[in-house]
Amino acid sequence: MVQKQYRHASGLGHAIINSRNNARRSQRSGQDGTDLYHEQRQQNSTRLQSVTQERDLDEFLSTAELAGTDFTATKLNIKILHQDQQNPYLLTAEQELETSQRQQSNRQRLTVPRRPAWDDTTTPGELDRRERAAFLEWRRGLAELEERHDLLLTPFERNLEVWRQLWRVVERSSVVVQICDARNPLFYRSRDLEVYVRQLAETDGKDKRNLLLINKADMLTVRQRRLWARYFKREGISFAFFSAAMAGLEDAFAVLNIGNVVRQELDYEQDLDDVTAEDIHVLSVDELEALFLKTAPPTENETEKIYIGLVGYPNVGKSSTINALIGAKKVSVSATPGKTKHFQTIHLSDRVVLCDCPGLVFPNFASTKADLVCNGVLPIDQLREYTGPAALVAKRIPKEYIEKVYGIKIYARPEIDGGTGIPTADEMLGAYAVARGLIRSSKGGRPDESKAARVILKDLVKGKLLYCQPPPDEDPVEFNRATYAI
Ligand SMILES: Nc1nc2c(ncn2[C@@H]2O[C@H](COP(=O)(O)OP(=O)(O)OP(=O)(O)O)[C@@H](O)[C@H]2O)c(=O)[nH]1
């Protein structure tokens with residue numbers, strides 16, 4: 001029993017014993033026992049460094065068995081974190097890096113299905129068979145990517161009929177507009193669709209162009225638009241900012257752009273110098289229509305119609321954009337994903353015809369399910385595991401901002417008590433549930449965190465709680481600072 005206790009305490013015990021022995025050894029090594037200066041120095045240096053000490057410390061960290069406690073050592077600073085500070089459904093910084101490297105090396109496998117080749121001799125039956133076979137092959141490739149490489153993908157469209165609609169839109173259009181949500185443009189962009197558009201242009205011999213329309217630009221600050229504009233320009237991506245919500249509200253819309261000029265001067269930054277006021281201008285509907293015409297490849301004559309394909313994930317605002325363009329409610333707008341079911345053509349003017357594709361989720365990488373929920377591609381009402389997405393909200397959006405939006409107070413375990421100062425999912429949800437009186441009757445009146453999560457996550461997706469993802473290599477905290485300072 002005694003032995004067992006001794007073994008159990010070996011890490012910490014050894015660290016202490018070694019340190020005592022070191023001290024004794026150093027005392028003994030003094031020739032005459034009077035060299036106090038050297039002794040002190042030796043003791044001091046033992047305290048401040050070193051290899052031996054690190055070894056003892058490592059041993060301590062790797063063998064300590066304090067239940068519910070995790071250790072992180074940063075240089076000479078040791079932080080003791082409670083395990084509940086790291087949500088098991090989120091990735092650690094190391095895992096994030098590792099996942100992102102794996103994603104990078106498999107990026108070219110995120111394809112959209114291609115329509116197989118056909119000509120006048122192909123019968124409809126034969127084409128149907130080929131399309132099904134090609135589609136199955138494509139699905140197999142993505143399934144393999146998910147399973148063998150352990151990569152999480154968006155819940156991409158698995159209905160061949162929807163992809164057939166996309167094929168028709170892309171074949172028909174001379175400009176393919178991918179509409180993205182400004183809060184995370186790259187998440188909603190399919191690079192491979194752009195490749196497909198270029199390939200089709202080559203095989204069909206009819207020029208086609210790509211355009212990325214960053215909708216919901218009203219959710220971005222001027223600086224955020226500038227950083228994105230710089231990124232897109234450097235990447236050679238044709239882009240434009242738009243706000244379907246503001247398009248009809250002239251005063252609010254004007255503020256978006258007048259604000260630009262004033263604030264642009266105020267927050268002048270050298271490295272954003274190559275971004276012009278035009279690059280970050282939020283287009284009016286007339287300007288958007290003019291951009292479609294300008295982007296389209298030259299036509300043989302002035303009367304030839306130009307087909308503009310509008311493509312995008314559910315809920316990025318395709319219907320709102322079309323409504324803004326046509327200026328009348330001919331297309332219904334809804335907050336429910338997946339409303340637009342069929343490819344429809346809308347004659348905007350004598351020259352411009354819009355081809356509206358059903359909203360569809362492209363294959364793209366995601367780091368966690370929580371990330372998918374926060375980007376609005378997994379339905380919140382059917383959510384069972386809500387702590388991951390809630391923890392992501394609490395991690396990304398400063399506590400003070402959440403408190404202000406809801407008029408609540410959130411307790412977060414302070415750093416001195418092993419916390420991070422950032423609320424955990426439970427701390428944030430508990431505070432919200434208590435403040436709103438969301439109580440679980442079946443659990444003896446305990447706060448209903450699941451209901452709280454649903455409300456908060458829906459507010460995030462709607463933009464009431466605002467978080468914007470920065471371009472690659474930009475710091476998210478810095479990127480969102482102005483939003484949370486208001
Ligand atoms: N803040 C803001 N919200 C917008 C904007 N455009 C659309 N929305 C909102 O985003 C939600 C989805 O808009 P829709 O136009 O229905 O989206 P959709 O892409 O047509 O969706 P599907 O029909 O499912 O394909 C609605 O709640 C809109 O009010 C915008 O420019 N700014």
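Read the numbers this way: they start at 1 and go in the same order the structure lists the ligands and their atoms.
The shortest N or O to N or O distance between Ala245 and ligand 1 is below 3.5 Å. Polar contact check, Gly317 against ligand 1: a nitrogen or oxygen pair lies under 3.5 Å apart. In terms of polar-atom proximity, Val316 is counted as a contact of ligand 1, with an N or O under 3.5 Å from an N or O of the ligand. Residue Ala244 places at least one N or O, backbone or side chain, under 3.5 Å from an N or O of ligand 1.
Ligand 1 places these atoms under 4.0 Å from at least one heavy atom of Pro314: 24 (O), 25 (O). Using a 4.0 Å cut-off to heavy atoms of Asp218, the atoms of ligand 1 that qualify are 1 (N), 2 (C), 30 (C), 31 (O), 32 (N). Taking every heavy atom of Gly359 and a limit of under 4.0 angstrom, the matching atoms of ligand 1 come to 25 (O).
Summarising the geometry, atom OG1 belonging to Thr483 is positioned 7.0 Å from atom OH belonging to Tyr401; distances are rounded to the nearest 0.5 Å. To the nearest 0.5 Å, atoms CG (Asn106) and CZ (Arg148) are separated by 10.0 Å.
Residues satisfying the ring pair (Phe, Tyr, Trp, His ring centres under 6.0 Å) test with Tyr231, not counting sequence neighbours, are Trp228.
Both tests do not hold together for Arg234 against Phe232: distance to the six-membered ring centre under 6.0 Å, angle to the ring axis within 45°.
Between Ser320 and Asn323, the side chains place no donor N or O within less than 3.5 Å of an acceptor N or O (distance only, hydrogens not considered). Under 3.5 Å, the side chains of Asn301 and Thr303 contain a donor-acceptor pair of N or O atoms.
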Tell me which donor-acceptor pairs under 3.5 Å the side chains of residues 195-202 have, and how far apart each pair is, sequence neighbours excluded?
| from | atom 1 | to | atom 2 | distance (Å) |
| --- | --- | --- | --- | --- |
| Tyr196 | OH | Arg115 | N | 3.1 |
| Gln199 | OE1 | Arg114 | NE | 2.9 |
| Gln199 | OE1 | Arg114 | NH2 | 3.1 |

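Within the set Ile214, Asn215, Asp181, the minimum heavy-atom distance to atom 6 (N) of ligand 1 is found for Asn215. Across the listed options Thr321, Leu310, Asn315, Leu466, Asn315 owns the non-hydrogen atom lying nearest to atom 21 (O) of ligand 1.
Under 4.0 Å from ligand 1, not a single heavy atom of Met246 appears.
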